Trainee: 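Before I ask anything, let me first share the structure, which is written out below as structure tokens.
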Amino acid sequence: MNDKVTHFGFRDIPKDQKSKLVGEVFHSVANQYDVMNDVMSFGAHRLWKRYAVSQSSVKAGSTVLDVAAGSGDVSSRFCDRVGPTGRVIVTDINESMLRVGRDRLINDGYSKNLNFGLADAQFLPFQSNFFDCISISFGLRNVTDKSTALTSMYRCLKPGGRLLVLEFSTPVLPLLAKAYDQYSFNVIPKMGELITGDKASYQYLVESIRKHPAQNELKNLMLESGFDHARYHNLTGGVVALHIGYKY
């Protein structure tokens with residue numbers, strides 16, 4: 001694949017088209033996003049996100065950036081940790097998803113230590129060495145250039161800060177991998193059609209998971225993007241992995 005081409009699911013497309021196509025997916029599913037997450041993962045996504053935040057070292061007074069924050073469920077957990085003296089910046093590249101997340105967080109009483117903004121993970125509009133922690137949950141696989149995004153996040157972290165990347169990954173057990181493939185391709189798109197009326201978007205989401213780098217590949221990509229140390233934890237047998245990168 002040349003440097004002007006990327007993938008959209010299993011399709012090869014010009015790089016400059018991916019952001020628009022991914023945007024259309026999330027505009028379509030925004031209002032049913034949480035419902036589908038619960039149904040697809042049997043509620044496990046809540047446990048994965050809780051574990052990720054527990055590994056953040058975020059405490060009262062910390063400043064956190066939640067990239068591709070979606071419906072804001074991870075952002076709310078960070079708000080609980082940073083308290084009234086901290087700050088959580090909630091961003092998404094997709095206006096529909098950001099609106100859903102903003103409305104949910106405000107309705108749940110989290111407006112006092114929050115800011116919201118549209119932002120592309122590849123070109124974060126924040127000063128260098130600013131955040132104690134940056135998080136991106138189930139968003140990196142949708143970014144056009146992952147290396148550019150990781151470098152941007154590294155720049156924005158304070159020395160001593162850490163990046164959390166929670167993302168679908170590669171199952172480590174052969175039987176699990178086979179069952180996961182069957183479930184992903186035969187069940188999830190049909191669920192998407194039934195619940196959201198949009199089978200195509202969930203077909204893309206399944207395909208995008210398969211195109212995402214496996215655990216060690218993503219770890220190495222983080223190191224190549226500037227992180228001084230990186231590690232990962234497999235969750236649910238590698239169906240999901242939490243990668244943590246450090247800026248020393």
Side-chain angles (χ1 to χ4, degrees), residues 30 33-34 37 45-140 143 149-167 222 225-233 235 240-248:
Y33 184 75
D34 280 340
N37 281 347
H45 75 101
R46 298 176 184 273
L47 301 177
W48 299 329
K49 292 167 182 174
R50 184 182 303 164
Y51 177 76
V53 174
S54 77
Q55 299 299 301
S56 67
S57 290
V58 167
K59 57 185 184 297
S62 293
T63 302
V64 177
L65 175 64
D66 195 7
V67 179
S71 62
D73 50 352
V74 174
S75 303
S76 66
R77 295 182 187 277
F78 280 124
C79 285
D80 291 336
R81 283 184 167 249
V82 305
T85 61
R87 178 64 48 181
V88 178
I89 312 297
V90 182
T91 68
D92 204 290
I93 194 173
N94 186 278
E95 187 173 1
S96 296
M97 289 301 305
L98 185 64
R99 183 173 60 252
V100 168
R102 182 185 62 224
D103 291 348
R104 173 182 175 177
L105 288 162
I106 291 173
N107 288 341
D108 288 347
Y110 286 108
S111 59
K112 292 183 179 179
N113 57 353
L114 282 174
N115 292 104
F116 301 90
L118 288 169
D120 185 335
Q122 300 171 107
F123 312 106
L124 293 171
F126 305 104
Q127 66 189 67
S128 300
N129 306 312
F130 186 75
F131 294 100
D132 297 294
C133 179
I134 298 177
S135 171
I136 180 167
S137 296
F138 304 109
L140 187 62
V143 173
L150 290 168
T151 300
S152 181
M153 289 184 270
Y154 179 85
R155 177 187 63 79
C156 292
L157 277 174
K158 292 179 181 176
R162 65 180 65 184
L163 168 68
L164 307 176
V165 180
L166 184 67
E167 187 57 88
M222 293 170 73
S225 300
F227 287 90
D228 303 291
H229 177 67
R231 59 187 172 92
Y232 64 85
H233 303 272
L235 307 176
V240 167
L242 172 66
H243 283 72
I244 306 177
Y246 301 84
K247 181 175 182 177
Y248 294 145

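On a predicted model such as this, the values are computed, not experimentally measured, just so you know. These numbers come from the heavy atoms of this one structure, side chains and all, not from hydrogens, waters or symmetry mates.
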Trainee: Considering all heavy atoms of both residues, which atom of Leu114 and which atom of Cys79 are nearest to each other, and what is their separation?
Mentor: CD2-SG, 3.3 Å
Trainee: Could you check if a side-chain atom of Arg104 sits within less than 4.5 angstrom of a side-chain atom of Asp73, using non-hydrogen atoms only?
Mentor: yes
Trainee: Roughly how far, to the nearest 0.5 Å, is the CG atom of Asn129 from the SG atom of Cys156?
Mentor: 9.0 Å
Trainee: Among side-chain atoms of Ser128 and Arg155, is any donor-acceptor pair under 3.5 angstrom?
Mentor: yes
Trainee: Would you say Asp66's side chain and Ala69's backbone share a donor-acceptor pair under 3.5 angstrom?
Mentor: no
Trainee: Taking all non-hydrogen atoms of both residues into account, name the closest pair between Glu167 and Leu140 and its distance.
Mentor: OE1-N, 3.3 Å
Trainee: Any chance you could measure Trp48, atom CH2, to Asn37, atom CG, to the nearest 0.5 Å?
Mentor: 9.0 Å
Trainee: Taking Asp228 first and then Lys247, would you say they form a salt bridge - that is, a charged N and a carboxylate O separated by under 4.0 Å?
Mentor: no
Trainee: Less than 4.0 Å between a side-chain N and a carboxylate O, is that true for Asp132 and Arg162?
Mentor: no
Trainee: Please tell me if the side chains of Val64 and Ile89 come closer than 4.5 Å, counting only heavy atoms from C-beta onward.
Mentor: no
Trainee: Closer than 3.5 angstrom, by distance alone: can the side chain of Arg231 be matched with the main-chain N or O of His243 as a donor-acceptor pair?
Mentor: no
Trainee: On a heavy-atom basis, which atom in Gly139 and which in Ala68 lie closest, and how many Å separate them?
Mentor: CA-CB, 4.1 Å
Trainee: Which heavy-atom pair separates Leu124 from Val67 by the least distance, and what is that distance?
Mentor: CD2-CG2, 4.3 Å
Trainee: Is the backbone of Tyr110 close enough, under 3.5 Å, to the side chain of Asp108 for a donor and an acceptor to pair up by distance?
Mentor: no
Trainee: Please tell me if the side chains of Phe116 and Asp92 come closer than 4.5 Å, counting only heavy atoms from C-beta onward.
Mentor: no
Trainee: Roughly how far apart are Asn113 CG and Arg81 CZ, rounded to 0.5 Å?
Mentor: 14.0 Å
Trainee: State, with a plain yes or no, whether a side-chain heavy atom of Pro159 is found less than 4.5 Å away from one of Tyr248.
Mentor: no
Trainee: Does some side-chain heavy atom of Leu150 sit less than 4.5 Å from a side-chain heavy atom of Leu163?
Mentor: yes
Trainee: For the SG atom of Cys133 and the CD atom of Gln55, what is their distance to the nearest 0.5 Å?
Mentor: 11.0 Å
Trainee: Would you confirm whether Ser152, through its side chain, and Ala149, through its main-chain N or O, come within 3.5 Å as a donor-acceptor pair?
Mentor: no
Trainee: Checking side-chain contact (heavy atoms from CB on, under 4.5 Å) for the pair Ser111/Leu105: CA distance, chi angles, key distance, verdict?
Mentor: CA-CA 7 Å; Ser111 59; Leu105 288 162; over 6 Å; no
Trainee: Heavy-atom distance under 4.5 Å between the side chains of Tyr232 and Leu242, does that happen here?
Mentor: no
Trainee: So which heavy atom on Arg87 is nearest to which on Val82, and how close?
Mentor: N-CG2, 3.9 Å
Trainee: For the atom pair CG (Asp120) and CZ (Phe123), what is the distance rounded to the nearest 0.5 Å?
Mentor: 6.0 Å
Trainee: Measure the spacing between OG of Ser71 and OH of Tyr33 and express it to the nearest 0.5 Å.
Mentor: 6.5 Å
Trainee: Measure the acute angle between the ring planes of Phe131 and Phe126, then classify it against the limits of 30° and 60° as parallel, tilted or perpendicular.
Mentor: perpendicular
Trainee: Are the side chain of Thr91 and the backbone of Leu65 linked by a donor-acceptor contact shorter than 3.5 Å?
Mentor: no
Trainee: So, for Ser137 and Val74, which heavy atoms are closest and what is the spacing to 0.1 Å?
Mentor: OG-CG2, 3.7 Å
